[in-house]
Amino acid sequence: MAAFSSADHRWMSEALRLAERGLLSTSPNPRVGCVIVRDHELVGRGWHERAGEAHAEVHALQGAGRLAEGATAYVSLEPCAHHGRTPPCTDALIAAGVRRVVAAMQDPNPAVSGRGLARLSEAGIDTACGLLESQAEALNCGFVSRMRRGRPWLRVKLATSLDGRTALANGQSQWITGTEARADGHRWRARSCAVLTGVGTVLADDPQLTVRAVRTYRQPIRVVVDSQLRTPPAARVLEAGRTLVYCAEGTPERIAALQARGAEVICLPDESGRRVDLWSMLRSLADLGINEVLSEAGATLNGALVAAGCVDELVVYQAPMLLGHLARAGLELPAFANLQEAGRWQLTDVRQIGSDLRVILAAMPD
């Protein structure tokens with residue numbers, strides 16, 4: 001790996017901060033930021049704002065103008081070298097006469113990875129890669145997951161009491177957490193490409209699963225796991241916006257009723273034929289360009305996702321209350337014979353949100 005200076009770290013950090021501005025709007029594209037630096041001065045900056053629009057490098061070069069000649073471009077992702085909805089960014093960098101390009105990480109798409117940097121090198125531009133790579137990957141965890149693993153990054157959100165309960169025995173759960181925590185949960189929705197739930201939650205709560213507490217450029221796709229197609233055609237989750245319903249089986253009449261409400265019904269049974277194949281569902285979502293999925297489901301589906309090893313991250317809001325052992329648990333998991341079977345999660349962030357505690361945990365690598 002190339003040796004990077006303190007100035008390199010400073011400017012790449014700025015590129016990553018710019019990339020984060022596209023957190024809610026770039027899907028299915030990655031979040032990318034770029035700064036142009038000449039003679040130790042920032043002369044251009046930009047970030048990818050929306051899919052189909054100009055990339056970060058183009059915005060930064062437009063800001064730099066003629067000062068881009070002989071400058072260094074810091075980009076949070078390897079510049080593209082292929083024609084998509086926009087021309088290759090490598091061509092723009094070459095035409096501008098930049099002297100050096102530093103990328104935080106290579107494009108994770110195996111079909112194009114390395115081609116952008118190679119194209120720049122062939123044009124006589126100094127290139128380097130790997131500066132703040134882990135931060136760049138974390139910012140685009142869903143895009144990286146879809147490209148490398150063929151599935152989205154799956155995040156499960158839970159709102160619990162201190163003793164891990166999500167509702168009273170009678171089902172009452174509104175509201176365990178406070179308004180600040182609920183608004184924070186909507187920010188996770190807003191950055192996600194899709195929000196996932198189970199038919200049990202649809203029948204019990206009739207949720208909309210839309211972003212309402214924060215301003216957003218787009219609404220996530222709603223995804224319902226409904227093995228036997230019990231979702232009522234009048235369910236609010238089928239209202240404005242795109243909704244996918246994954247089933248294991250269903251009568252033509254039920255399928256037609258949901259399709260008449262605009263839902264897309266996808267049948268993906270597991271080996272038993274009675275439940276949805278969760279791994280096949282995730283691969284199907286990746287094929288649709290879904291990078292990040294937020295599960296806001298009940299104990300049954302969330303437990304099944306965890307037990308199957310599908311979950312990459314947990315976002316747990318804990319309210320300062322105790323509901324007791326008769327209250328409902330957040331996850332239905334199989335009984336473990338020993339603690340080693342239960343596994344452990346890596347604690348990545350803990351902070352107070354209003355009067356509640358937010359704990360983020362990542363799945364431990366295999």
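For the single chain, residues carry numbers from 1 onward in sequence order. The structure displayed is predicted, hence computed values, not measured ones.
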field: Main-chain N/O of Pro88 paired to Arg119 side chain as donor or acceptor, under 3.5 Å
entry: no

- prompt: Has the side chain of Gln62 got a donor or acceptor atom that lies under 3.5 Å from a matching backbone atom of Ala64?
  reply: no

- request: Could you tell me which non-hydrogen atom of Ala136 sits nearest to which non-hydrogen atom of Ala104, and how far apart they are?
  value: CB-CB, 3.7 Å

task: Look at the side-chain heavy atoms of Ile, Leu, Val, Met, Phe, Trp and Tyr, link any pair under 4.5 Å apart, and say whether Ile266 and Ile221 land in one connected group.
output: yes

field: Greater than 12 external heavy atoms within 6.0 Å of Arg148's CZ
entry: yes

Expected list for residues 281-290: side-chain donor-acceptor pairs under 3.5 angstrom, two or more places apart:
unit_1 : atom_1 : unit_2 : atom_2 : d
Arg283 : NH2    : Ser280 : OG     : 3.3
Ser284 : OG     : Tyr246 : OH     : 2.7

field: Any donor-acceptor N/O pair, Asn338 side chain to Glu341 backbone, under 3.5 Å
entry: yes

message: Using a strict threshold of under 4.0 Å (side-chain N to carboxylate O), is an ion pair present between Arg254 and Asp226?
response: no

- prompt: Is there a donor-acceptor contact under 3.5 Å from the side chain of Asn140 to the main chain of Arg31?
  reply: yes

Heavy-atom check, side chain of Ser227 versus side chain of Val199, under 4.5 Å: no

- request: May I ask you to say whether Arg17 pairs ionically with Glu14, meaning some side-chain N is under 4.0 Å from a carboxylate O?
  value: yes

message: Once rounded to the nearest 0.5 Å, what's the spacing between atom SG of Cys193 and atom CZ of Arg146?
response: 7.5 Å

message: I'd like to check Tyr74 versus Val35 (side-chain heavy atoms, cut-off strictly below 4.5 Å). Are they in contact?
response: yes

- prompt: Does the side chain of Asn291 reach to within under 4.5 Å of the side chain of Pro30, using non-hydrogen atoms?
  reply: no

- prompt: Looking only at atom types and distance, does a side-chain atom of Glu78 sit under 3.5 Å from a main-chain N or O of Leu117, one as donor and one as acceptor?
  reply: yes

message: A quick test of your reading: do over 12 heavy atoms of other residues, nucleotides or ligands sit less than 6.0 Å from CD of Glu271?
response: no

- prompt: Side chains of Gln106 and Ser113: is there a donor and an acceptor less than 3.5 Å apart?
  reply: yes

- request: Assess whether atom CZ of Arg275 is packed by more than 12 heavy atoms of other residues, nucleotides or ligands within 6.0 Å.
  value: no

- prompt: Between CZ of Arg66 and CG of Leu61, what distance do you get to the nearest 0.5 Å?
  reply: 15.0 Å

field: Residue pair Ser145 / Arg151, side-chain heavy-atom distance below 4.5 Å
entry: yes

- prompt: Is there a side-chain contact between Leu203 and Pro232 (heavy atoms, below 4.5 Å)?
  reply: yes

- prompt: Backbone N or O of Ala263 within a donor-acceptor pair of the Thr243 side chain at under 3.5 Å?
  reply: no

Validation row: His59, Cys34 side chains within 4.5 angstrom (heavy atoms): no

Pairing of Lys157 and Asp184 as salt bridge, 4.0 angstrom limit: no

query: If only atom types and distance count, is the side chain of Thr197 paired as donor or acceptor with the main-chain N or O of Glu296 below 3.5 Å?
result: yes

message: Take a 6.0 Å sphere around CD of Glu69 and say whether it holds more than 12 heavy atoms from other residues, nucleotides or ligands.
response: no

query: Is any side-chain heavy atom of Met105 less than 4.5 Å from a side-chain heavy atom of Val144?
result: yes

- line: Output for pair (Arg236 CZ, Asp206 CG), nearest 0.5 Å, gives 5.0 Å

Exceeds 12 heavy-atom contacts within 6.0 angstrom, atom CG of Leu322: yes

message: Check whether Arg189 reaches the backbone of Ala213 with its side chain - one donor and one acceptor, N or O, closer than 3.5 Å.
response: no

statement: Here the gap from Glu137 atom CD to Leu132 atom CG, rounded to the nearest 0.5 Å, amounts to 12.0 Å

- request: Please examine the side chains of Thr177 and Arg182, heavy atoms only from C-beta on, and report whether any two atoms are closer than 4.5 Å.
  value: yes

- prompt: Has the side chain of Arg261 got a donor or acceptor atom that lies under 3.5 Å from a matching backbone atom of Pro233?
  reply: yes

message: Tell me every residue that passes side chain to side chain contact (heavy atoms under 4.5 Å, CB included) with Ala327, counting only those two or more places apart in sequence or in another chain.
response: Arg165, Leu323

query: Going from CG on Leu301 to OG on Ser295, what distance comes out if it is rounded to the nearest 0.5 angstrom?
result: 5.0 Å

- prompt: Any donor-acceptor pair under 3.5 Å linking the side chain of Trp279 with the backbone of Ala308?
  reply: yes

- request: Enter the distance from Leu131:CG to Ser76:OG here, rounded to the nearest 0.5 Å.
  value: 11.0 Å

